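Structure record follows, encoded as structure tokens.
Because the structure is a prediction, the values reported are computed rather than measured.
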Amino acid sequence: MRLVCRYLRHAPKQMTCHEFLRGVTASIRKHYKKSHLPQLIEHPEERLTCSAIVYSRLQRQIWMIGDCLCLLDGQLLENPKPEEAIYAAKRADRAKQLLAEGMTIDELLTHDTARDFILPDIVDSMKRQNVTFSVIDGFPIPEKHVPVITLDFQPHEIVFATDGYPFLCPTLAESEQKLEEQKKNDPLNINTFLASKAFMKGQDSFDDRTYIRFKV
């Protein structure tokens with residue numbers, strides 16, 4: 001994430017999405033030792049990896065690389081990993097089974113054995129990154145998996161966020177409130193919202209959160 005931020009800070013403002021994808025890939029690639037490349041080709045799950053959502057002011061475009069969220073004038077735009085919903089549902093079923101067998105919610109919030117159940121699936125899906133879905137990892141990014149939204153020259157309000165917000169709203173306060181309600185009502189994320197992980201003990205969310213709202 002820090003390497004991508006550093007690249008963006010110095011990237012030419014007139015660059016296209018295609019140029020950004022090539023440039024950020026080359027930038028990450030420089031941090032791999034040549035001797036490690038065969039291992040990283042064979043095991044994509046070991047690569048430096050992150051997602052990003054970018055707004056180009058000159059191109060008037062939104063670029064979505066990886067599993068990020070966007071509200072464009074109140075309309076939700078997503079770019080989820082292909083199997084994410086399947087794994088979340090599988091984990092929910094496993095958690096409900098464990099609860100029916102006598103395990104408590106508190107125990108699962110201490111050690112999410114339902115997540116352990118799907119970890120092999122998650123690792124397996126990472127083997128297909130930059131094949132069936134896009135990420136930034138120092139290897140070529142398939143542009144067909146990078147949504148590009150071109151805006152007209154009317155005013156627009158945009159929200160960018162990570163998928164740590166299960167219910168993305170037009171304001172940060174509303175989004176945080178929805179997150180708190182989810183934590184209170186369904187801390188395992190197996191009913192009102194399905195996720196591949198829970199609100200573990202000592203954490204105020206189940207995933208990383210970034211939120212920015214701006215007008216163009």
* What orientation do Phe206 and Phe199 show, parallel under 30°, tilted 30 to 60°, or perpendicular over 60°? ->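 Plane angle over 60°, so perpendicular.
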* **Parallel, tilted or perpendicular, as decided by the 30° and 60° cut-offs, for the rings of Tyr211 and Tyr165** =>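 Ring orientation, 0 to 90° scale: perpendicular.
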Looking at [Y], is its backbone amide N or carbonyl O close enough to the side chain of [X] to form a donor-acceptor pair, meaning the two atoms are under 3.5 Å apart?
X	Y	value
Ser51	Cys68	no
Tyr7	Ile28	no
Arg60	Thr150	no
His156	Asp73	no
Thr25	Arg22	no
Asp207	Asp163	no
Asp186	Ile190	yes
Glu19	Thr16	yes
Ser175	Thr171	yes
Arg29	Phe139	no

* Under the side-chain contact (heavy atoms from CB on, under 4.5 Å) rule, what do Val131 and His145 come out as? Steps first, then yes or no, please. => CA-CA 9 Å; Val131 177; His145 295 308; over 6 Å; no
Common cluster, [X]/[Y], ILVMFWY with side-chain heavy-atom separation under 4.5 Å:
X	Y	answer
Leu8	Val148	yes
Ile65	Met1	no
Leu119	Met126	no
Leu40	Ile141	yes
Val24	Leu37	yes

* Do the charged groups of Arg91 and Asp121 touch, with an N to O distance under 4.0 Å? ->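 No salt bridge links Arg91 with Asp121.
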For the residue pair [X] and [Y], establish whether any side-chain heavy-atom pair is separated by less than 4.5 Å.
X	Y	result
Leu3	Ile136	no
Glu45	Ile122	no
Leu98	Glu107	no
Asp67	Phe133	no
His111	Asp116	yes
Lys127	Asp124	yes
Arg209	Leu179	yes
Arg213	Leu71	no

* **CD/Glu101: more than 12 non-hydrogen atoms of other groups inside 6.0 Å** =>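 Atom CD in Glu101 is crowded, with more than 12 foreign heavy atoms closer than 6.0 Å.
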* Asked: Do other residues, nucleotides or ligands put more than 12 heavy atoms under 6.0 Å from the NZ atom of Lys183?
  ->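 For Lys183, atom NZ is crowded (more than 12 foreign heavy atoms under 6.0 Å).
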* Please test Cys70 against Ile149 for side-chain contact (heavy atoms from CB on, under 4.5 Å), starting from the C-alpha separation and ending with a verdict. => CA-CA 11 Å; Cys70 174; Ile149 300 93; over 6 Å; no
Minimum heavy-atom distance [X]-[Y], with the two atoms named:
X	Y	answer
Glu84	Ser196	OE2-OG, 3.6 Å
Met15	Ser56	O-OG, 4.3 Å
Asp137	Tyr32	O-OH, 2.7 Å
Ala114	Leu108	N-CD2, 4.3 Å
Ile53	Leu69	CD1-O, 3.7 Å
Ala198	Leu109	CB-CD2, 4.0 Å

* Asked: Which value, rounded to the nearest 0.5 Å, describes the distance between Leu151 atom CG and Gln59 atom CD?
  ->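 So the CG of Leu151 and the CD of Gln59 are separated by 11.5 Å.
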* Taking atom OG1 of Thr162 and atom CG of Leu168, what is their separation to the nearest 0.5 Å? ->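 Between atom OG1 of Thr162 and atom CG of Leu168 there are 9.0 Å.
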* **Criterion side-chain contact (heavy atoms from CB on, under 4.5 Å) on Arg47 and Gln129, from CA distance to verdict** => CA-CA 10 Å; Arg47 300 172 187 169; Gln129 66 188 46; 4.0 Å; yes
* Qualifying residue, where the test is ring pair (Phe, Tyr, Trp, His ring centres under 6.0 Å) with Tyr55 and the options are Phe214, Trp63, Phe160 ->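 Per the ring pair (Phe, Tyr, Trp, His ring centres under 6.0 Å) rule, the option paired with Tyr55 is Phe214, out of Phe214, Trp63, Phe160.
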* Chi angles and distances behind the side-chain contact (heavy atoms from CB on, under 4.5 Å) call for Lys96, Leu188 -> CA-CA 10 Å; Lys96 291 173 182 177; Leu188 290 175; over 6 Å; no
